[in-house]
Amino acid sequence: MSVNDQFKIIVGNFVGDAFYMRSIAGFMLEGRFKAAGLRSIARLIDEDEPFSFIIDKKTTVHVPIELNKQIKQELFAIADKLEGKTNKT
């Protein structure tokens with residue numbers, strides 16, 4: 001199974017040493033991320049606390065707590081792939 005097959009919430013493409021995110025949880029999000037940035041975001045997410053992504057002045061994505069663990073896993077899996085590590089989960 002490829003890393004992309006594991007993603008249920010994050011949609012994007014790998015290009016060189018970056019990941020171009022197109023959406024998260026069904027909401028459009030355009031961004032270019034490197035492994036260190038994705039790991040930083042993942043570390044900020046507490047699995048038992050609500051959080052939100054502020055996309056722009058009009059759009060905030062409120063993430064249900066039930067998705068926190070999956071989002072963290074996906075962010076770390078993307079970072080691992082960018083760094084050439086194998087995901088053994």
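Worth knowing before you read on, the calculation uses all heavy atoms, side chains too, and leaves out hydrogens, waters and symmetry mates. Here the structure is a predicted model, which is why all the values come from computation and not from measurement.
For Thr60, the side-chain contact (heavy atoms from CB on, under 4.5 Å) partners two or more places apart in sequence, or in a different chain, are Ser52, Ile54, His62. Every residue meeting the ring pair (Phe, Tyr, Trp, His ring centres under 6.0 Å) condition with Phe51, not counting sequence neighbours, appears here in chain and number order: Phe53.
Other members of a hydrophobic cluster containing Ile65 are absent, since no ILVMFWY side chain comes under 4.5 Å of it, directly or through relayed contacts.
Counting only residues at least two apart or in different chains, salt bridge (charged side-chain N to carboxylate O under 4.0 Å, His left out) contacts with residues 46-71 are absent.
Using a 4.5 Å cut-off between side-chain heavy atoms of Ile, Leu, Val, Met, Phe, Trp and Tyr, with links allowed through other members, Phe27 and Ile78 fall into the same hydrophobic cluster.
Formation of a donor-acceptor pair under 3.5 Å by the Glu74 side chain with backbone atoms of Lys8 is found in this model.
Atom CD of Gln73 is separated from atom CG of Asn68 by 11.0 Å, given to the nearest 0.5 angstrom. Here the straight-line distance linking atom CD1 of Ile71 with atom CD1 of Ile24 works out to 4.5 Å at 0.5 Å rounding.
Among all heavy-atom pairs drawn from Ala42 and Lys72, the shortest one is O-CE, 3.4 Å.
A heavy-atom distance below 4.5 Å is not found between the side chains of Lys81 and Phe76. In this structure, the side chains of Leu82 and Phe33 stay at 4.5 Å or more apart for every pair of heavy atoms.
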In a table with atom names and distances, give each donor-acceptor pair under 3.5 Å that connects a side chain of residues 11-22 to protein atoms at least two apart or in another chain.
unit_1	atom_1	unit_2	atom_2	d
Asn13	OD1	Arg22	NH1	2.1
Asp17	OD2	Lys34	NZ	3.1
Tyr20	OH	Arg32	NE	2.9

Stepwise side chain to side chain contact (heavy atoms under 4.5 Å, CB included) check, Ile45 with Leu75: CA-CA 11 Å; Ile45 299 170; Leu75 290 170; 4.0 Å; yes
